[in-house]
Amino acid sequence: MKHRGPGGGRSSSRKSAAGEGAGGRPEPRPTRPKIDKASATDQSLDAVIAADKIAALKLAPVSHETEDRLDRFIALLREWQAKTNLVAPSTLPHLWTRHIADSLQLVDLAPAAKRWADLGSGGGFPGVVLACAMAGTPDARVHLVERIAKKAAFLREAIRVTTSPGLVHLAEIGDNVDRITGPVDCVTARALAPLHQLIGFAEPLMRQGAKALFLKGQDVEAELTEAAKYWNIQTQLHPSRTGDGWIVELTSVERRG
């Protein structure tokens, strides 16, 4: 019969239990390396963004110099995104196709344009992207109009980091004419306001000779119908290369009444 020690425990004659040392003390368990979940997530996002970049540059090819500027811009945007909401978080894996290529396609629709005005530049789309693309063009200038101070600060840093020909105006969108000096070839806006309001913002620049390129979604026909209540407009629609949206090109506008 086996004897139990005081308190009902097994006698000391038993073999040491697994994990115990010669003195009956537990041996330390091997330490497992800690996994930095944030770092793992960042690495996964890096891989997705890298693949998305390849797809985007097939849609909108650029020079190596422009690509380098865009790389610097994206790195800065990801850094600032942690503290300032510049783009919808759900679009981060598709920064290149959803935002970069979407902006670059405007260049082909106005190949002779050197001087651009981007209304409501926000996270830099399309304004900073256009500035990166225009960097090698003599006398190029991209005016970026933004009313939120934090975003305007980001835009200034983006222009500095990318060494691009951009000028940031911290102003209400409707004040752009007073802020922008010199001729403008093309005025743009993306995800800013309904079309009839955009036309109102752009009309003073268009009277001076600029044409407009506005990036719009699938409901563009409804926006055109609404805009026609307020404006006589001549439009041309271009399908977006990057999704189901459209680019509205306007060469002349006139207020009704």
Side-chain angles (χ1 to χ4, degrees), residues 49-50 52-81 84-88 91-137 140-146 148 151-169 180 184-192 198 210-217 238 240-243 245-249:
I49 290 176
D52 187 59
K53 175 184 172 180
I54 294 172
L57 294 183
K58 288 181 180 178
L59 292 171
V62 296
S63 68
H64 291 301
E65 293 79 10
T66 298
E67 181 182 345
D68 179 64
R69 288 185 174 89
L70 293 172
D71 280 332
R72 281 180 267 159
F73 171 47
I74 288 296
L76 182 72
L77 184 144
R78 292 182 63 186
E79 178 185 337
W80 278 61
Q81 178 73 12
T84 303
N85 189 36
L86 298 170
V87 297
T91 68
L92 284 173
H94 305 290
L95 281 170
W96 281 87
T97 51
R98 180 76 178 269
H99 299 297
I100 296 290
D102 196 48
S103 301
L104 284 172
Q105 63 183 325
L106 298 181
V107 176
D108 289 341
L109 295 178
K114 294 183 178 182
R115 298 167 297 267
W116 297 71
D118 181 34
L119 309 182
S121 295
F125 306 104
V128 173
V129 177
L130 292 172
C132 288
M134 293 288 108
T137 303
R141 175 60 62 91
V142 179
H143 297 275
L144 299 97
V145 183
E146 175 53 47
I148 299 174
K151 292 184 177 181
F154 166 74
L155 293 170
R156 290 192 185 97
E157 182 64 5
I159 292 298
R160 185 191 70 82
V161 166
T162 60
T163 61
S164 298
L167 182 62
V168 179
H169 306 276
I180 296 173
V184 171
D185 301 316
C186 194
V187 55
T188 69
R190 181 176 186 259
L192 176 63
L198 290 180
K211 80 171 179 178
L213 292 173
F214 297 135
L215 292 144
K216 283 293 176 182
H238 304 276
S240 173
R241 300 178 194 169
T242 62
W246 296 86
I247 300 163
V248 180
E249 179 177 348

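Residues: numbered from 1 along the sequence shown.
- The CD1 atom of Ile49 sits 10.5 Å away from atom OG1 of Thr97, with the distance rounded to the nearest 0.5 Å.
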Take Val129 and Val107 through the test side-chain contact (heavy atoms from CB on, under 4.5 Å) and record every step on the way to the result.
CA-CA 10 Å; Val129 177; Val107 176; over 6 Å; no
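- Side-chain contact check for Leu77 versus Phe154: some heavy-atom pair is nearer than 4.5 Å.
- Listed here is the closest heavy atom pair of Arg69 and Cys132: CB-SG, 3.8 Å.
- In this structure, Ser240 contributes its side chain and Thr242 its backbone to a donor-acceptor pair below 3.5 Å.
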Run the numbers on Arg156 and Leu144 for side-chain contact (heavy atoms from CB on, under 4.5 Å), then give the verdict.
CA-CA 9 Å; Arg156 290 192 185 97; Leu144 299 97; over 6 Å; no
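- Of all heavy-atom pairs between Arg141 and Gly166, the closest is CD-C, 4.4 Å.
- Side-chain contact between Thr162 and Leu76: absent, with no pair of heavy atoms (C-beta onward) separated by less than 4.5 Å.
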What do the steps show when you test Leu119 against Leu198 for side-chain contact (heavy atoms from CB on, under 4.5 Å), and what is the final call?
CA-CA 9 Å; Leu119 309 182; Leu198 290 180; 5.8 Å; no
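- A pairwise comparison of heavy atoms in Pro126 and Ser103 identifies CA-OG, 3.3 Å as the closest pair.
- Looking at heavy atoms from C-beta onward, Arg241 lies in side-chain contact with Asp108 at the 4.5 angstrom threshold.
- Contact of the Leu213 side chain with the Ile247 side chain is registered, since non-hydrogen atoms from C-beta on lie closer than 4.5 Å.
- Closest heavy-atom contact between Glu67 and Val62: N-CG2, 3.9 Å.
- Leu95 CG to Phe125 CZ: the interatomic distance, rounded to the nearest 0.5 Å, is 6.0 Å.
- Nearest heavy atom pair, residue Ala117 against residue Ile180, reads CB-CD1, 3.8 Å.
- Judged by distance alone, the side chain of Gln81 and the main-chain N or O of Leu86 form a donor-acceptor pair under 3.5 Å.
- Asp52 contributes atom CG, which lies 9.5 Å from atom NE2 of His99 (distance to the nearest 0.5 angstrom).
- Among pairs with a residue in residues 111-131, those fulfilling salt bridge (charged side-chain N to carboxylate O under 4.0 Å, His left out) read Arg115-Asp185, at least two apart in sequence or across chains.
- In terms of modelled atom types and a separation under 3.5 Å, the side chain of Arg72 and the main chain of Val161 share a donor-acceptor contact.
- With rounding to the nearest 0.5 Å, the separation of OG1 in Thr188 from CG in Leu106 is 6.5 Å.
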Let's go through Asp71 and Lys53 carefully: what are the C-alpha distance in whole Å and the side-chain angles of both, what is the deciding distance for side-chain contact (heavy atoms from CB on, under 4.5 Å) to 0.1 Å, and is it a yes or a no?
CA-CA 10 Å; Asp71 280 332; Lys53 175 184 172 180; 3.0 Å; yes
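- For the atom pair CG (Leu104) and CG (Leu130), the distance works out to 7.5 Å, reported to the nearest 0.5 Å.
- Contact annotation: the side chain of Asp68 never approaches that of His64 to less than 4.5 Å [non-hydrogen atoms, C-beta and beyond].
- The two residues Glu146 and Ser121 come nearest to each other via the heavy atoms OE1-N, 3.5 Å.
- In summary, Asp102 and Arg98 do not engage in a salt bridge, as defined by a charged side-chain N under 4.0 Å from a carboxylate O.
- How far CG of Leu70 is from CH2 of Trp96: 4.5 Å, rounded to the nearest 0.5 Å.
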